[in-house]
Amino acid sequence: MNTVDRLSVLKTYKLYVGGKFPRSESGRVYEVTDSKGAWLANAPLASRKDARDAVVAARKAFGGWSGATAYNRGQILYRIAEMLEGRRDQFVAEVAAAEGLSKAKATAQVDAAIDRWVWYAGWSDKVAQIAGGANPVAGPYFNLSSPEPTGVVAVLAPQDSSFLGLVSVIAPAIVTGNTVVVAAAEDAPLPALSLAEVLATSDLPGGVVNILSGRTAELGAPLAAHQDVNALDLAGADEELAKELETAAADNLKRVLRPGTVNWTADPGTGRLLSFLETKTVWHPMGV
């Protein structure tokens with residue numbers, strides 16, 4: 001057959017829930033286009049039930065992931081960065097199409113995302129040193145505080161940074177032992193759905209990261225109201241939606257990180273790393 005006559009194999013994108021790749025239970029899809037309006041792919045249009053299924057998967061994975069050693073979590077995150085490096089060209093092409101960037105600028109975004117994943121991996125066994133410690137008390141006691149993961153975190157991925165911003169909200173949540181349900185950028189979900197393929201073939205246990213594509217507001221509502229979601233990162237919500245979701249989250253006192261203007265290329269600092277941690281304090285009498 002002449003190569004000119006060959007039909008290319010179109011990629012089928014799917015959700016990522018519990019380490020598996022289901023289609024939306026609703027059977028719905030929506031068109032994803034590039035920055036110029038040209039068709040790229042059909043992405044699954046996740047439903048409220050898909051969101052609930054993802055929370056169940058995240059909760060099931062929480063015990064094992066939070067109970068793993070910090071060193072082991074760091075190794076797994078570093079392995080993910082290795083695999084991202086191996087698929088660098090694919091992500092460059094997807095980011096360029098999604099955000100209307102030149103190849104050089106898209107490459108810079110992808111390289112920064114991989115470097116950021118490595119950076120967060122390095123924090124895995126160090127965060128306890130900055131978020132915990134011995135407290136001075138008046139009395140014959142040791143008083144020690146240590147950080148623990150909050151639990152299941154629902155993340156609305158940034159709308160303006162389909163890959164670097166995505167990595168910048170997922171990695172700091174999971175490196176400390178949380179599990180996440182992520183609503184990918186509504187108009188540019190393909191880099192997130194491709195990231196799921198990397199996660200599935202890494203050492204990351206199924207359910208630690210669950211990725212949904214679809215309408216941000218439609219997915220945000222059931223996640224904010226869900227009684228088994230412990231925290232919300234509203235990076236991808238506009239001001240009106242953030243207010244609605246924060247109100248819904250108050251029902252079970254979820255921890256909420258409100259959206260703000262973020263330069264995703266800047267040094268992220270430790271803000272997001274510390275946002276979804278609880279502090280456990282232990283008192284112990286000193287020996288005489």
Side-chain angles (χ1 to χ4, degrees), residues 51-52 54-77 116-117 119-137 141-157 167-183 204-205 207-210 220 222-237 242 245-260 262 268-285:
R52 293 194 295 270
V55 173
V56 171
R59 177 57 63 191
K60 185 176 180 181
F62 177 70
W65 183 243
S66 60
T69 65
Y71 178 72
N72 182 236
R73 289 198 297 268
Q75 284 184 310
I76 291 173
L77 261 71
R116 184 151 302 170
W117 200 280
W119 188 80
Y120 277 117
W123 270 106
S124 62
D125 56 358
K126 302 173 184 66
V127 68
Q129 299 171 50
I130 65 167
N135 306 310
V137 294
Y141 305 100
F142 292 112
N143 183 253
L144 306 174
S145 294
S146 61
E148 293 189 338
T150 296
V152 175
V153 181
V155 178
L156 304 188
V167 166
S168 299
V169 294
I170 293 178
I174 66 171
V175 72
T176 55
N178 297 294
T179 56
V180 298
V181 176
V182 183
L204 191 74
V208 173
V209 176
N210 304 275
L223 291 172
H226 202 297
Q227 295 295 301
D228 205 25
V229 172
N230 303 108
L232 286 177
D233 184 343
L234 300 178
L245 298 184
E246 190 171 23
T247 300
D251 195 41
N252 75 334
L253 303 180
K254 287 181 181 65
R255 203 176 264 243
V256 177
L257 186 61
R258 287 184 60 80
V262 180
T270 58
R272 269 193 159 77
L273 192 71
L274 303 178
S275 292
F276 304 116
L277 291 173
E278 308 293 339
T279 300
K280 178 179 71 178
T281 300
V282 176
W283 293 73
H284 194 284

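All values below were derived from every heavy atom in this structure, side-chain atoms included, with hydrogens, water molecules and symmetry-related copies excluded. Position 1 is the first residue of the sequence, and the numbers go up from there.
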Exercise for review: Would you indicate whether the side-chain heavy atoms of Trp123 and Thr176 approach each other to under 4.5 Å?
Suggested key: no
Check your understanding: Is any side-chain heavy atom of Thr270 closer than 4.5 Å to a side-chain heavy atom of Val127?
Key -> no
**Study point:** Taking every non-hydrogen atom, the tightest pair across Val180 and Ala173
**Key:** CG1-CB, 3.7 Å
Review point. Quick one: does Val209's side chain get under 4.5 Å of Ile170's, heavy atoms only?
Key: yes
Revision key, fill the gap. Residues passing the side chain to side chain contact (heavy atoms under 4.5 Å, CB included) test with Ala237, sequence neighbours excluded, are Leu156, Leu234, Leu241, Ala242
**Study point:** Main-chain N/O of Gly151 paired to Asn178 side chain as donor or acceptor, under 3.5 Å
**Key:** yes
Check your understanding: Applying salt bridge (charged side-chain N to carboxylate O under 4.0 Å, His left out), which residue pairs with at least one partner in residues 222-233 are found, sequence neighbours left out?
Key -> Arg59-Asp228, Asp233-Arg272
Exercise for review: Grab the two heavy atoms, one from Ala121 and one from Leu77, that are nearest each other, plus how far apart they are.
Suggested key: CB-CB, 3.6 Å
**Study point:** Heavy atoms of other groups near Lys280 NZ, more than 12 under 6.0 Å
**Key:** no
Review point. Between Thr150 and Asn230, does a side chain to side chain donor-acceptor pair (under 3.5 Å) hold up when you go through it step by step?
Key: CA-CA 6 Å; Thr150 296; Asn230 303 108; over 6 Å; no
**Study point:** salt bridge (charged side-chain N to carboxylate O under 4.0 Å, His left out) partners for Arg73, two or more places apart
**Key:** none
Exercise for review: Return the minimal non-hydrogen interatomic distance between Ser66 and Pro149, and the atom names on each side.
Suggested key: CB-CG, 3.7 Å
Check your understanding: If only atom types and distance count, is the side chain of Lys254 paired as donor or acceptor with the main-chain N or O of Ala248 below 3.5 Å?
Key -> no
Practice item. Provide the closest heavy-atom pair for Ala58 versus Thr179 in the form atom of the first, atom of the second, distance. Key: O-OG1, 2.9 Å
Exercise for review: Measure across Asn210 and Ala54 and return the closest heavy-atom pair with its distance rounded to 0.1 Å.
Suggested key: ND2-O, 3.7 Å
Exercise for review: State which residues pass salt bridge (charged side-chain N to carboxylate O under 4.0 Å, His left out) with Arg52; sequence neighbours excluded, sorted by chain then number.
Suggested key: none
Review point. So which heavy atom on Trp119 is nearest to which on Pro268, and how close?
Key: CZ3-CG, 3.6 Å
Check your understanding: Sub-3.5 Å donor-acceptor pair from the side chain of Ser145 to the main-chain atoms of Thr281, do we have one?
Key -> no
Exercise for review: For the pair Leu232 and Glu246, evaluate side-chain contact (heavy atoms from CB on, under 4.5 Å) and give the outcome as yes or no after the intermediate values.
Suggested key: CA-CA 8 Å; Leu232 286 177; Glu246 190 171 23; over 6 Å; no
Study note, to complete from the structure: Residues passing the ring pair (Phe, Tyr, Trp, His ring centres under 6.0 Å) test with Tyr141, sequence neighbours excluded, are Trp283
Review point. Residues in salt bridge (charged side-chain N to carboxylate O under 4.0 Å, His left out) with Arg255, at least two apart?
Key: Glu278
Check your understanding: So, the side chain of Trp65 versus the backbone of Ile174: is there a donor-acceptor pair under 3.5 Å, distance only?
Key -> yes
